[in-house]
Amino acid sequence: MSGLLKRMREQEGFSDTERVIADYLLKNFRELGTLSTRQLAGKTYTSSAAIVRFSQKLGFEGYTEFKVKFMAEMMQSIGTPKERFISDKDTVPEVIDKVLLMGQDAWKETYDLLEQADVNRALHYLRQARHIGFYSMGDNLNLARMAAANFIMVGKYVSVQESMPLQFLEAYDAPKDHAAIIMSRTGENRLLVEIARRLSLQGNPIICITAASKSSLAEVADVTFQTATTDRLEEFGPRVFMMGATFILTVLYGVLLTRVDYQGAFERDDWLRQHLHY
């Protein structure tokens, strides 16, 4: 972090008026390029003189010089990976911006890892399946429920069992027209790997969503989609994987929607809006 941004964020030795100006600039820096001192003063309920004094306090001759330097450093800051880490020094607007950037990065990285051939193979298995079962644990169950609702809209029978024993029971002796979607960030969850092995022995197709393409789970799967991830808490760790997995699930829903029951999905959606106002 540059000295200018650090000083504006920490605000050590700032007056109340200077804190107001600094907070506004950090939150709304994208609009600063078009603002005169008078306009900025109006938005911060200060004065043109206060804006000039603020610029000079930070080591600049005047507002124009400060504005150019500040905007350049802010743009560099949001474009530098290390500046996207969440810090206890971040303001609320900075956290909002960083979460947005993390989401964009997670989708873009997952997109870059995506192979169209894998999408086509997954589509083949999902079209052939009469029933789709989701297998996952923890927060990934929330993703499974979201995806299940989408897949039901395109005419598929879908199940999401909450408990691991029920997931085992569903996988055990599953019929041939059963396809599995298994989600695990590490791909090494012992229980999910055992479920995958059982399904594989029975000839059930397995679609794996994981951040580890060389994992035990990926070795068993028929199709593996690799997602973005990070191990760092300040980068939201597993949440990045969930963002990437959401992208993959949305892609799978999209191809099913356009290839399986496009008109039927609209009819179901219309019925729900008319009767349930959802």
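The chain is numbered in sequence order, starting from 1.
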Q: Mind checking ring-ring contact (aromatic ring centres under 6.0 Å, His included) for Phe225 and listing every partner two or more places apart, or none if nothing turns up?
A: none
(Q) For Asp112, give me all partners under side-chain contact (heavy atoms from CB on, under 4.5 Å), at least two apart in sequence or on another chain. (A) Lys108
Q) Mind checking who shares a hydrophobic cluster with Val92, ILVMFWY linked at side-chain heavy-atom distances under 4.5 Å? A) Ile96
Q: Output every pair passing ring-ring contact (aromatic ring centres under 6.0 Å, His included) with a member in residues 177-199, not counting sequence neighbours, ordered by first then second residue.
A: His131-His178
Q. Can you name the residues that form a ring-ring contact (aromatic ring centres under 6.0 Å, His included) with Tyr63, not counting sequence neighbours?
A. none
(Q) Using a strict threshold of under 4.0 Å (side-chain N to carboxylate O), is an ion pair present between Lys69 and Glu73? (A) yes
Q.
Using the salt bridge (Lys or Arg N to Asp or Glu O under 4.0 Å) criterion, which residues pair with Glu219? Sequence neighbours excluded.
A. none
(Q) Show every ring-ring contact (aromatic ring centres under 6.0 Å, His included) that has at least one partner inside residues 184-207, sequence neighbours left out. (A) none
Q | Set of residues satisfying ring-ring contact (aromatic ring centres under 6.0 Å, His included) with respect to Phe60, sequence neighbours excluded | A | Phe66
**Q.** Partners meeting side-chain contact (heavy atoms from CB on, under 4.5 Å) with Asn142 (sequence neighbours left out)
**A.** Asp139, Arg145
Q: Only counting residues at least two apart or in another chain, list the ones meeting salt bridge (Lys or Arg N to Asp or Glu O under 4.0 Å) with Arg121.
A: Asp118
Q.
Taking side-chain contact (heavy atoms from CB on, under 4.5 Å) as the definition, give me every residue that meets it alongside Gln167, ordered by chain and number, with sequence neighbours left out.
A. Tyr135, Leu141, Gln161, Met164, Leu192, Ile195
Q | Partner set under side-chain contact (heavy atoms from CB on, under 4.5 Å) for Ala117, not counting sequence neighbours | A | none
